Protein chains: 2
Amino acid sequence: MRTSLKKSITLSDVAKTAGVTSMTVSRVVNQNGYVSEETREKVLRVVKELNYRRNGLARGLKRQRTDTVGLVLGDIANPYSAELARSIRDVTTERGYNLFICISEHSGKEDVAAFESLTDHQVDGIIVATRSNRMGDEYLHEMIERGVPVVCVGRDFHDENADTVTADALNGGFQATQHLIDLGHKKIAFIGATLSSGQNLKRFQGYLQALKANNLKIDERLMTGNTEANDDAPGYSTEKLGYEAMKRLLALPNRPTAVFARNDFTAIGAINAIKESGLKIPSDISIVGFDDIPMAMHTYPALTTVRQPTRRQGTLAAEFLLRRVESKAPVELEEKVLECELIVRDSTAQLKR
Amino acid sequence: MRTSLKKSITLSDVAKTAGVTSMTVSRVVNQNGYVSEETREKVLRVVKELNYRRNGLARGLKRQRTDTVGLVLGDIANPYSAELARSIRDVTTERGYNLFICISEHSGKEDVAAFESLTDHQVDGIIVATRSNRMGDEYLHEMIERGVPVVCVGRDFHDENADTVTADALNGGFQATQHLIDLGHKKIAFIGATLSSGQNLKRFQGYLQALKANNLKIDERLMTGNTEANDDAPGYSTEKLGYEAMKRLLALPNRPTAVFARNDFTAIGAINAIKESGLKIPSDISIVGFDDIPMAMHTYPALTTVRQPTRRQGTLAAEFLLRRVESKAPVELEEKVLECELIVRDSTAQLKR
DNA sequence: TAATCTTCTGTTATCGTTCACATACGTTTC
DNA sequence: GAAACGTATGTGAACGATAACAGAAGATTA
């Protein structure tokens, strides 16, 4: 038996059955305005009996708000995305908003599709955590121009009416490299350099700056770049990249004594390559990752890495967004950059001399 | 300068400016009905000029459908969820539907909240991929009763009006264990037994059945259970569980020669414990995982595991859902069980004698 | 030539809810 | 005892879009 084609119960269905007007039922359901205890009970009984559910479309249309915000994620498989989504949801839930997530993993076209489907549904605001790209960014500016509250997270973007929250990846990269330098390392490789802009580039720049600040030689052979794997590849897929890059680095006549990998997945791949070669971590080679994914503390040896304050990024972004959503007046621009933290575990050690 | 409080442009704003009625504009925007080329161009010009966007709420309200489906995910950090979401999205996108994702990671209460926010917004149907639980299931039945098309994926649930798609985890567990038995192993441990029902239990049951079918002794000391970590913990967190369980198994006077882990994360944890103990994989100990997460092929040694056809589950679920959404007539129940596939890599080998 | 069809546009009502206002009665206050 | 207030309900319009129908002009057919 199929029930799907039942017409749905409306406020006035309930009203009719309860012998009141729909306005009264509305008041009961939304718990505002005056309703006598007697009427309230009667209405609630009928609501239950008919299994009434309010129609959010009609409600949203009339109220001109939906109490819903959207989140657009690139790379849903990344633990970073997962934690970001969770932390955002915690805030939105607490403040009485629903959170709808859309994925856009490949192209600006998908970004636009996600933005459109969310604005179509009149979400009250949107948090954007995709990789930045021309087409998506253009549409973002348009949306903002149209008045949609927008906050960007962990992503390059600038608009005088959109807040941003990012981690200081440059300084994070600097810290990681400085840590290796402090341990006496001089031949420090970088795995996963990328030509495109964005957060990954910043990590690499931090590495370069640290080398320069310490007057170390910058050796291009020690920097493995982004060749076949494109930059949009999901995080975990870079493990293979790390494995292969490390193989190449180990084959160098003058192999590095330390490695800084663009992210933990890459680092894990590198660790596997090192183990396979018979070298020991950290006594023969030190390695540092980036992101502090949950697995980082469980690798063997436990991975030294740079933690970006993901949860804080999420909660801040959500708060910035809701501030815009709820404000009647113009809102001042927020562009928050959060500090990264070096987490020293067992994969790095003093250089043997 | 803040633009958010601009009132938004409606159909009739466009109509007024273009000197036609809103009906004509609607026809242009939706590309249906007759409109002269001249009028169409004029309207499109005004649409662009005013930056008009249609209001999906009003549209959905009138049309009684939103061309949107919802997906409720438990454990967003799990690669399985990511791939499921992607495959579902591929289908919905191609068929002209938007996909909104909600997360419900902890409780039945969160399930219900997710269901409510989706039905509130009048999605045309919902795909459910959370862990089953009493409260959530009850509400699901209610929703289905109310006529909301529902499909469940990878999850225990039965309702004569909701399709289900699952992988045959029992047979998967059986295959994994049989593989180890075929390699000559007799002392086969299981890591991550769980008392609660669900897919994880099935894997364990498959293990037990394979032992029985081969007349092997069932040794409870070789089955590490679900003690501190609760069953709702996200997938990756079980790596620690695997590490600790393996430590315990290695300390047994008569240690196992093979291990079947409830999932790949657990297996990776176990691998780390084994390596740490100085034993070699697979020559000293064979290990099999479950899920074939992307990282499984990158571990060292590459992990033998059981692959569930995640992508197929997603596309089937989406197709089943849209079939229900688009059908005017009653729909026959589908309860699809897909076969798992054993992926033999390098972490399993013939028992040394 | 009349009847029919095709093309184009407009009119009206409606989707389900809530806002703003109106009404009515009882209670307080000075 | 009249003005003011609190409580309880109802009325009508509106949110922005579209389905259904209607009308008018030109093209085609019988």
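To find a chain, count down the sequence lines: A is the first, B the second, and so on, and within it residues start at 1. Just so it is clear, the model here is predicted, and its values are computed rather than measured.
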Report yes if at least one side-chain N or O of [X] is closer than 4.0 Å to OP1 or OP2 of [N]; otherwise report no.
| X | N | value |
| --- | --- | --- |
| B:S12 | D:dA17 | no |
| B:S36 | C:dT9 | yes |
| A:T10 | C:dG16 | no |

Sorted by number, the residues of residues 50-66 of chain A with heavy-atom contact under 4.0 Å to DNA chain D: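 A:L61, A:K62, A:Q64, in order of number.
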
Any residue of residues 22-32 of chain B with a heavy atom less than 4.0 Å from an atom of DNA chain D: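 Here the set is B:M23, B:S26, B:N30.
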
Return the value, rounded to whole Å, for the distance between atom [atom1] of [X] and atom [atom2] of [N].
| X | N | atom1 | atom2 | value |
| --- | --- | --- | --- | --- |
| A:E37 | D:dG6 | CD | P | 21 Å |
| A:L11 | D:dC15 | CG | P | 19 Å |
| B:Y34 | C:dT7 | OH | C1' | 6 Å |

Salt bridge or not between [X] and [Y]? Use side-chain N to carboxylate O under 4.0 Å.
| X | Y | result |
| --- | --- | --- |
| B:R54 | A:E116 | no |
| A:E319 | A:R95 | no |
| A:E110 | B:R89 | yes |
| A:K109 | A:D111 | no |
| A:D163 | A:R323 | yes |

Return the orientation label for the A:H121 and B:F100 ring planes: parallel under 30°, perpendicular over 60°, tilted otherwise.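 Plane angle over 60°, so perpendicular.
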
Could you tell me whether the side chain of B:T164 and the main chain of B:C152 form a donor-acceptor pair under 3.5 Å?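 Looks like no, no N/O pair under 3.5 Å.
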
Donor on one side chain, acceptor on other, A:R324 and A:N161, under 3.5 Å: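 Per modelled atom types, A:R324 and A:N161 side chains form no pair under 3.5 Å.
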
